[in-house]
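Taking it in order: structure first as structure tokens, then the write-up.
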Amino acid sequence: NAGVTQTPKFQVLKTGQSMTLQCAQDMNHNSMYWYRQDPGMGLRLIYYSASEGTTDKGEVPNGYNVSRLNKREFSLRLESAAPSQTSVYFCASSEVALSSYNSPLHFGNGTRLTVT
Amino acid sequence: LAKTTQPISMDSYEGQEVNITCSHNNIATNDYITWYQQFPSQGPRFIIQGYKTKVTNEVASLFIPADRKSSTLSLPRVSLSDTAVYYCLVGGSQEGYNKLIFGAGTRLAVHP
């Protein structure tokens, strides 16, 4: 049981380039999330998908787009990368979105992105 | 939003019990308290969750006083492998995960 799988693990981009971060979960969870983590800081929510077919903005959505491709997959796209988007990106999933009770977040191991 | 306050860092030695306290003065009636652990180069991992009084699992205990304005994560007999960042989160009732906030967490260093 792989849990939440993120690809790639590392990526270096030049300013203005685009890329898509992939995330897949095999736990049949309804909800998926994208967070970013900057050095010494906690995680900030970029976008989330409460269920297949829906997506909503989180705390820091500017410069990003997402696609909930199906129940398993949730991708994050940077259309025109900027140095401020250098960060570690984590994908997570949970069984239910509207209540945290008995529905903890399961995280992948992150994608380390550097934009030069 | 239920904001949380935790110590930035803590130090301990192998075999000791570690207690990390989190303050959440404006916790809502239906909010739960959840703790996550994060090792370097990994995503956070769920440790324990509670609503009131005491919860215990194979990893930790969570103590919540009657007023629920704070909570304490207790790690018994820590080892070097418990060195990590610990996050306290409050919420997830009616507002959903878009309102859950990860603060900077508590960096626990366990020494030999």
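Just so it is clear, the structure is predicted and the values come from calculations on it, not from any experiment. Letters A, B, ... are given to chains in the order of the sequence lines, protein chains preceding strands, and every chain is numbered from 1.
Partners of A/Tyr47 under the ring pair (Phe, Tyr, Trp, His ring centres under 6.0 Å) rule, at least two apart in sequence or in another chain, do not exist in this structure.
Within residues 104-112 of chain B, the residues that have a heavy atom under 4.5 Å from a heavy atom of chain A are B/Ala104, B/Arg107, listed by number.
Linking ILVMFWY side-chain heavy atoms closer than 4.5 Å, directly or via other members, places A/Leu113 and A/Tyr33 in two distinct hydrophobic clusters. Under a hydrophobic clustering in which Ile, Leu, Val, Met, Phe, Trp and Tyr are joined whenever their side-chain heavy atoms come within less than 4.5 Å, directly or via other members, B/Val78 and B/Phe63 fall into different clusters. Under the 4.5 Å side-chain heavy-atom criterion for grouping Ile, Leu, Val, Met, Phe, Trp and Tyr, A/Tyr48 is connected to A/Phe107 within one hydrophobic cluster. A/Tyr89 and B/Val85 are assigned to two separate hydrophobic clusters, defined by single-linkage of ILVMFWY side chains at heavy-atom distances under 4.5 Å. Linking Ile, Leu, Val, Met, Phe, Trp and Tyr whenever their side-chain heavy atoms come within less than 4.5 Å leaves A/Val88 and A/Val12 in two separate clusters.
Across all their heavy atoms, B/Gln42 and A/Arg112 have their closest contact at N-NH2, 4.0 Å.
Side-chain N or O atoms of B/Tyr87 include none that pairs as donor or acceptor with a backbone N or O of A/Leu43 at under 3.5 Å.
A 6.0 Å sphere centred on OH of B/Tyr13 holds no more than 12 heavy atoms belonging to other residues, nucleotides or ligands.
Residue contact with chain B, scored on non-hydrogen atoms closer than 4.5 Å, involves the side chain of A/Gln37 exclusively.
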